[in-house]
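Here the structure is laid out as structure tokens; the discussion comes afterwards.
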Amino acid sequence: MTTKAKKYDFREIEGKWQKHWESSGLNRAAADPDPKNKFYMLVMFAYPSGDIHMGHFRNYIIGDAVARQQMMFGKSVLHPFGWDAFGLPAERAAIGRGVHPEEWTRQNVEVSRSTLQKAGISYDWSREVNSCRPDYYKWTQWMFVQLFKKSLAYRKRGFVNWCPEDKTVLANEQVKDGKCERCHTPVVKKDQEQWYFKITDYADRLTDDLDSLPGWPDNVKTMQKEWIGRSYGAEIDFVIEETGEKLPVFTTRPDTIYGVTFMAIAPEAEIVQRLNLEGEDKKKVEEYKHKALARNDIERAAVTEDKDGVFTGKYAINPFNNERVQLWVADYVLAGYGTGAVMAVPAHDTRDFAFAKKYGIPIKVVIHPDEKTSLDPDQMPDAYVDYGPMVNSAHFDGLSGDSAIKSVTEFASQKSIGRSKVNYKLRDWLISRQRYWGCPIPIIHCAKCGQVAVPESDLPVLLPKVENFMPKGRSPLADVPEYVRVKCPECGGEAERDPDTMDTFVCSSWYYLRYVDSANSREPFGRERAAAWMPIDLYVGGITHATGHLLYFRFFQKFLKDIGWAADSEPATRLFNHGMVMDSKGEVMSKSKGNVVSPVALMEQRGVDVTRLAMFFTAPSEKEVLWSDESISGVEKFAINKFFPLASLFRRSEPDLKCYFKHDHLSDFEWQLYVKLNQTIKRVSDSFERLQFNTAIAALMELVRDYDADRVKNDVFNDYLILKTIQLAAPMVPHMAEEMWEITGQADSIFKSRWPVHDPEAVVGDTIEVAVQVNGKLRDSVTVAADADQKAVEEAAFESQKVLKFTQGKQIVKKIYVRGRILNIVAKG
RNA sequence: GCGAAAGUGGCGGAACUGGCAUACGCGCUGGAUUUAGGAUCCAGUGCCGAAAGGCAUGGGGGUUCAAAUCCCCCCUUUCGCACCA
């Protein structure tokens with residue numbers, strides 16, 4: 001070849017095409033797409049904490065490759081981006097450096113946006129949203145008001161998770177291992193009144209609808225199911241002996257009701273106040289309660305075996321047999337689950353067993369492992385927790401398992417001493433925060449009218465600009481009189497604004513709907529537009545949001561459906577969790593460790609496309625990556641020395657990319673190459689479907705390796721092959737591909753061209769190699785015609801000396817032929 | 001403790017429903033070329049063995065004509081839940 005390959009000047013090429021895409025509106029999504037031919041590609045809302053790092057970069061190029069391929073499928077693509085801009089880090093930075101959170105956030109957004117633009121990600125920036133701007137949070141407040149109107153936003157007093165470092169309350173989902181998810185400070189319990197969203201009303205749907213999401217990974221679905229924690233059982237009304245007050249308890253094992261030997265109540269449970277405790281008992285219980293509350297969740301969870309508690313001196317009556325049992329307060333009972341009290345059956349529950357042993361409480365066996373085996377309470381090393389026939393249980397004796405549970409429950413409801421009951425681990429979502437940098441809660445507290453929602457015409461409630469937002473345990477807004485003091489919208493009297501702001505997860509629970517109509521000033525979004533674009537076809541993000549954001553946003557979608565704003569019950573049909581990017585030693589990148597690798601320097605030194613390709617090639621998208629710049633060298637050589645020069649080998653014929661070649665129009669070498677091309681189209685397409693870009697690149701490397709311009713005489717085929725190869729790589733290396741596409745004289749953007757479809761007649765060559773095994777061991781392989789039947793393969797096999805060596809003198813027992821792959825000869829003797 | 005996922009060359013990783021294990025790349029070895037190169041090109045590269053052949057997908061059993069893939073036990077790693085009655 002004498003043609004001199006055009007030099008690859010990535011700086012020039014990247015700038016040129018980014019400008020071109022911008023001016024031609026390539027990434028601009030249609031206002032009203034055809035719902036049957038749309039693709040909504042979404043990456044998770046980004047917190048602008050500084051510039052983006054390798055982890056973000058990986059996330060966004062995955063989304064970009066998919067979005068660009070979808071363009072090439074001819075779809076209307078929506079691929080938006082925006083900022084989850086409220087939140088603590090902005091406040092921390094502000095406190096630390098004396099910059100206002102708004103300014104700090106604005107600067108970070110600028111920097112990150114320009115990095116993303118530099119990386120050539122195909123976002124439709126005209127739809128960019130920012131949750132800390134009034135034109136966005138107006139509608140977050142609107143969402144709150146809709147929930148409030150349906151009584152799904154409400155205030156409640158109770159023990160809440162309090163982070164002493166951040167000086168704010170947290171939702172259950174934001175406490176990990178008893179620590180604040182953000183700052184890792186152990187949380188403590190505080191008794192406070194806070195705002196909640198009633199997500200528990202949706203617990204059943206949030207669980208059941210997971211089964212309608214085949215495109216979601218099983219681990220996420222399992223985590224959500226466990227988090228919601230639905231369990232079926234019965235509620236049985238015990239009675240406090242002295243006061244006669246009913247004390248219902250939830251149990252999944254009503255079949256052990258006759259084995260109850262004590263009751264245990266959580267220290268925080270309200271009913272403790274109503275036990276009429278006096279003297280020594282009252283003192284002991286108060287002391288214990290203080291001790292329990294002082295322990296944080298980690299300590300409480302750590303005492304797995306050593307359970308403690310105090311006897312209240314009071315008794316409860318088991319409604320099934322009128323037995324009197326001791327009433328204890330114990331902190332192994334959780335206040336927030338069920339009724340905060342449990343019926344303790346030491347013989348059949350490990351925790352109750354440990355507790356009973358410690359305090360010498362009787363153990364009564366009411367379940368036997370089977371008819372023939374009986375248990376001796378004094379000899380039991382631990383509780384027997386499996387099902388078995390009931391004993392010592394009056395007329396229920398002999399029943400076991402599900403039928404026992406059913407009979408006991410039915411009996412309870414007939415006698416009005418209990419009922420069947422479903423319980424959940426999921427708690428309502430605590431959304432109020434005592435922090436400045438968040439979306440104000442649009443509620444006015446009026447002495448006369450109570451909680452009054454700010455009228456929609458008065459939204460947004462603007463976050464006032466204040467100088468001092470140091471957290472001190474109550475909202476900084478509470479100290480801004482001109483903000484707090486307000487007239488009641490209903491009676492016109494003096495009233496006060498709610499000083500709290502919302503959890504930022506509220507902002508990120510509906511942002512995907514704002515994108516469909518981000519400039520709408522009259523509504524949060526147009527319903528028809530939402531109906532046309534929704535659901536999200538692919539949602540890409542980290543696994544960290546499995547039980548937080550991904551639960552909240554499903555909840556919002558369902559709520560919006562219920563009030564007529566959304567058409568689907570689920571927001572996203574497919575979810576993909578990409579792996580994390582760690583440093584080369586396997587440590588999580590973090591600012592405090594100072595090991596954050598930025599893609600910026602790499603993109604500047606080696607080019608955007610090479611950096612993207614290196615990230616794609618290093619591992620499949622779902623796996624974690626230990627990033628090292630050395631990963632680049634292989635793909636860089638491929639991209640610059642092998643792939644890019646293909647454009648210069650173009651011969652200016654005008655191949656019809658919609659056509660397939662026939663065997664007799666090509667030489668043997670060309671036909672082989674044509675088969676390879678079609679195999680590659682198939683492999684790359686399959687790899688894209690699974691988001692396994694590493695194998696897509698490997699396939700392209702093989703194709704380019706096998707291509708030999710000197711041996712391709714047919715110009716049209718030569719050009720056909722080159723164009724298709726460029727197309728296959730385009731979503732991964734968009735600038736390079738676009739440049740090559742132009743060098744070959746194509747008029748329009750490559751992303752307006754159609755993604756290659758493999759020729760079904762040409763994925764198998766004329767001849768195939770069939771492996772021949774004798775007794776399961778590979779002995780030889782034979783080359784036969786592609787359409788050869790078993791007989792022909794056998795004939796060929798038995799001509800092989802290597803095969804004969806192992807079959808001669810032996811009896812052929814059977815022959816198994818797997819078409820086109822393998823022949824296994826089973827020989828005996 | 002419970003639950004889930006994973007474990008393949010020196011390394012990153014291939015192998016879609018059981019059907020030629022180690023594709024592709026890095027690294028390494030040898031060679032070519034170059035004033036030189038951390039550039040480029042060619043060849044080799046799982047282990048044992050001179051070869052024939054044998055052995056290899058964390059370890060041990062099993063199912064099958066055939067197992068990285070399915071089943072059982074164990075080990076390791078990662079993630080999730082951590083008293084949910």
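Quick caveat, the model's predicted, so the values are computed rather than measured. In what follows, chains are A, B, ... by sequence order, proteins preceding strands, each numbered from 1.
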Could you state the [atom1]-[atom2] distance from [X] to [N], rounded to the nearest angstrom?
| X | N | atom1 | atom2 | value |
| --- | --- | --- | --- | --- |
| A:W227 | B:rA82 | CH2 | P | 5 Å |
| A:I697 | B:rA14 | CD1 | P | 12 Å |
| A:Q773 | B:rA67 | CD | C1' | 11 Å |
| A:W328 | B:rC83 | CH2 | P | 21 Å |
| A:D382 | B:rG1 | CG | P | 14 Å |

Centroid separation A:F693 to A:F688 less than 6.0 Å:
yes
Could you check, using the six-membered ring where one of them is a Trp, whether A:Y359 and A:F262 have ring centers closer than 6.0 angstrom?
no
Using the [atom1] atom in both, what is the distance from [N] to [M], to the nearest Å?
| N | M | atom1 | value |
| --- | --- | --- | --- |
| B:rG9 | B:rC24 | C1' | 14 Å |
| B:rU45 | B:rA52 | P | 14 Å |
| B:rC81 | B:rA14 | C1' | 34 Å |
| B:rG46 | B:rU29 | P | 16 Å |
| B:rU57 | B:rA43 | C1' | 28 Å |
| B:rA82 | B:rC20 | C1' | 47 Å |
| B:rG1 | B:rA67 | P | 34 Å |
| B:rC2 | B:rC70 | P | 23 Å |

The side-chain hydrogen bond (donor to acceptor under 3.5 Å, both in side chains) partners of A:H549 (sequence neighbours excluded) come to A:Y539
Listed partners of A:T695 passing side-chain hydrogen bond (donor to acceptor under 3.5 Å, both in side chains), at least two apart:
A:S687
So does [X] pair up with [Y], basic N to acidic O under 4.0 Å?
| X | Y | value |
| --- | --- | --- |
| A:K221 | A:D211 | no |
| A:D204 | A:R230 | yes |
| A:R606 | A:D629 | no |

Heavy atoms, side chains only, cut-off 4.5 Å: are [X] and [Y] in contact?
| X | Y | answer |
| --- | --- | --- |
| A:V803 | A:V774 | yes |
| A:T261 | A:E323 | no |
| A:I367 | A:M390 | yes |

Less than 4.0 angstrom between a side-chain N/O of [X] and OP1 or OP2 of [N], yes or no?
| X | N | answer |
| --- | --- | --- |
| A:Y332 | B:rA85 | no |
| A:K777 | B:rC65 | no |
| A:N694 | B:rG25 | no |
| A:R821 | B:rU17 | no |
| A:R705 | B:rC24 | yes |
| A:S231 | B:rA85 | yes |

Residues at least two apart in sequence or cross-chain that pass salt bridge (Lys or Arg N to Asp or Glu O under 4.0 Å) with A:D349, listed by chain then number, are A:R351
What's the base orientation of B:rG9: syn (chi within 90° of 0) or anti?
syn
How do A:L426 and A:E769 order along RNA chain B: which one's closest nucleotide is nearer the 5' end?
A:E769
Could you pick out which residue, A:N775 or A:N423, lies toward the 5' side of RNA chain B when each is mapped onto its nearest nucleotide?
A:N775
More than 12 heavy atoms from other groups under 6.0 Å of NZ on A:K246
no
Nearest listed nucleotide, side chain of A:N641, among B:rC83, B:rU40, B:rA14
B:rU40
Are any protein N/O atoms closer than 3.5 Å to N/O atoms in nucleotides 2-12 of chain B? If there are, list each pair with its distance.
unit_1, atom_1, unit_2, atom_2, d
B:rG12, O2', A:T618, O, 2.4

Does the pair A:E769 and A:T783 meet the rule for a side-chain contact (heavy atoms from CB on, under 4.5 Å), with working shown?
CA-CA 4 Å; A:E769 279 209 358; A:T783 304; 3.9 Å; yes
What does nucleotides 42-53 of chain B look like as a protein-contact string, B for base, S for sugar-phosphate only, - for none, at under 4.0 angstrom between heavy atoms?
----------SS
Using Watson-Crick pairs (N1 to N3, plus N6-O4 or O6-N4) and G-U wobble pairs, both distances under 3.5 Å, which stems of at least 3 pairs involve RNA chain B?
B:1-7 with B:75-81, B:10-12 with B:24-26, B:27-32 with B:40-45, B:46-48 with B:53-55, B:58-62 with B:70-74
Quiz item: A:K307 side-chain donor-acceptor pair to B:rC83 base, under 3.5 Å
yes
